[in-house]
Amino acid sequence: MLKILAFVIATSTAFQTSFAANDSEVRDYGEYLAGECSACHRDGANETIPPIVGYEVLAFIELMETYRNGERQNQAMVSVAKSLDKEQIKALAVYFASVKPKEN
Amino acid sequence: MSKLSRRNFNIMLGAAGAATAASTAIGSFAYAQGKGKVVVIGGGAGGGTVAHLVKKGAPGLDVTLVEANAQYTTCFFSNLYLGGFRSFDSITHSYDGLKKLGVKVVTDYATGVDSARKTVTLRGGTTLSYDKLVLAPGIDFKWAGIEGYDDEAAKMMPHAYKAGVQTQILKKQLEAMKAGGTVIMAPPTNPFRCPPGPYERASMIAAYLKANKPGSKLIIFDPKPKFSKQALFQEGWQAHYQDIIEWVPPDLTGGGVKKVDAKAMTVTTGDGETVKADVANIIPAQRAGKIVHVAGCSDGDWCPINPEDFSSTKVKDIYVLGDASIAKKMPKSGFSANSQAKVVANSVLAALAGKKKFPARYRNTCWSLISENNGIKVGAAYKAGADKVDVSSKFISKTGETEEMRKQTFEESLDWYTAMTNEMFAKG
Ligand SMILES: Cc1cc2nc3c(=O)[nH]c(=O)nc-3n(C[C@H](O)[C@H](O)[C@H](O)COP(=O)(O)OP(=O)(O)OC[C@H]3O[C@@H](n4cnc5c(N)ncnc54)[C@H](O)[C@@H]3O)c2cc1C
């Protein structure tokens, strides 16, 4: 938990220093980065690859962190999470938080 | 356009993106709406995805997708169809979703590109003009590599390396074969689409033979001394198909199959040995689809590209992606083509609709099925290097994994298939 907290704090500082602009720019960046996710994740699939829309920003960041710190070990997701820096994860979190899950 | 709407528009633009607008040649109104013509040739993993994302990103753009066939059967999972794990219908897709989105889908074959006039001509006689042209035609075969093998011979000895009728021929032949028969497979030389493809196919054919044609054999005359995910495949073959699959490396055959006689159903290897087959799956060497050569984008068999956005290094305002491009170090795969498509779409939207261009990121993952619920995967993350696409990190399944892990890997591939085909065809 401590680790996650440190990560979250680091993320938000990085976020503040490098994104002088508003949230919509961050979201746009997140939307672009999310293109990489939609090869595997879709809205509505809830079997092996879960949908990832609608998470709170911090919850999303924590989930991503579980693939970076070894808590979760799916090779494909570990590769995805480790290839992203903190700003990118934050941008993704902002973007996915803004997308409403589909009603099934 | 009325004065009023133009004024409103300028105010909006002033707030949101004046700086970027100044650097674009198109008028400010056109800029925000997205104005211009995008023509995409080839409605597969690369082209379908680009058409979808460009239209979705800027509905004002005129997006035309030229595709030779009215329906698309995916090569991915076509091996599972051969193995009996997937129906043919489930791997065949329509272009209805893209049409509904507003993409103009033209079922025709592109025969010419005039890059000076910026037009494309189609076999049916239509001429299309473009501001940006995206070429994703996949592969063609280099028939000359195997004596006696051509388009006609392929009806008797299918390659099944473009999915559709060819895959069905191979499936029917396997079904019609007697128990105790011999299947011969000739994988292609490098580079070719889907490096693990022939070996997943061998696994799936063996699964079918094991369940339905006792006593049959599958002999692989490989022109290559090693292949993708070799340790994992060979471990699986040892465990499941020990009496069925025989993989023969090139040093034992003088380089694999060099000649076929489709009527006699024989193949002859480089050292002159002739073998009779009941079913022969001959996969020739490959090169980029014809249209990229016509367009002047190729250098030899494939097309050099700028790693930051897959624009052609040879012809302005043309992108080449997917199998047709030299995307080293990315393998030629559907996943790769879909990943490249995102970067191409971003670049097109930046050029024609004033969107921000972000640094390229690429990824690939190739799953293969060895036997029921026994999936493996290999993958990597990539970034644009100076003159090629560089690997940032990679991963691969391990030998000796638990059944549970393998099942999870297989199930992952099912979800990936749905997600990716949804994206290619704007479904779901
Ligand atoms: C047996 C097999 C298994 C595979 N398994 C996998 C897998 O599990 N995962 C994976 O990621 N990849 C897999 N692949 C690879 C994957 O199929 C290709 O890499 C991918 O389809 C390449 O995408 P593309 O857009 O470059 O070309 P394609 O998907 O081949 O699309 C090209 C399209 O362009 C059309 N076309 C060509 N020329 C013209 C023209 N002049 N005018 C109009 N239309 C034209 C064609 O009809 C075709 O529909 C497999 C391939 C094979 C053969």
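Throughout, a chain's letter reflects where its sequence line sits, starting with A, and its residues are numbered from 1.
- In B/F395, the CZ atom is crowded: over 12 heavy atoms of neighbouring residues, nucleotides or ligands sit closer than 6.0 Å.
- The OG1 atom of A/T48 sits 14.5 Å away from atom CH2 of B/W416, with the distance rounded to the nearest 0.5 Å.
- The candidate from B/T409, B/L53, B/T418, B/T49 with the greatest count of non-hydrogen atom pairs under 4.5 Å with chain A is B/T418.
- The backbone N or O of B/I396 lies less than 3.5 Å from a partner atom in the side chain of A/Q75, making a donor-acceptor pair.
- Other residues, nucleotides and ligands contribute more than 12 heavy atoms inside 6.0 Å of the NZ atom of B/K357.
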Start with the C-alpha distance between A/Y32 and B/N346, add both sets of side-chain angles, then the distance that settles side chain to side chain contact (heavy atoms under 4.5 Å, CB included), and finish with yes or no.
CA-CA 8 Å; A/Y32 167 74; B/N346 180 239; 3.8 Å; yes
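- Only the side chain of B/F335 comes within less than 4.5 Å of a heavy atom of chain A; its backbone N, CA, C and O stay farther away.
- Contacts with chain A were tallied for B/E411, B/M424, B/E412; B/E412 has the most, counting heavy-atom pairs under 4.5 Å.
- Among all heavy-atom pairs drawn from A/C40 and B/A419, the shortest one is O-CB, 3.5 Å.
- For A/V78, no part lies under 4.5 angstrom from a heavy atom of chain B.
- The number of heavy-atom neighbours closer than 6.0 Å to CD of B/Q230, taken from other residues, nucleotides and ligands shown, is above 12.
- Note on B/K383, B/K342, B/R361: by heavy-atom pairs under 4.5 Å with chain A, the leading option is B/R361.
- Per-residue counts of heavy-atom pairs under 4.5 Å with chain A were compared for B/K394, B/M420, B/E423, B/M405; the largest is that of B/E423.
- By the neighbour-count criterion of 12 heavy atoms within 6.0 Å, atom NZ of B/K427 is densely surrounded, having more than that number from other residues, nucleotides or ligands.
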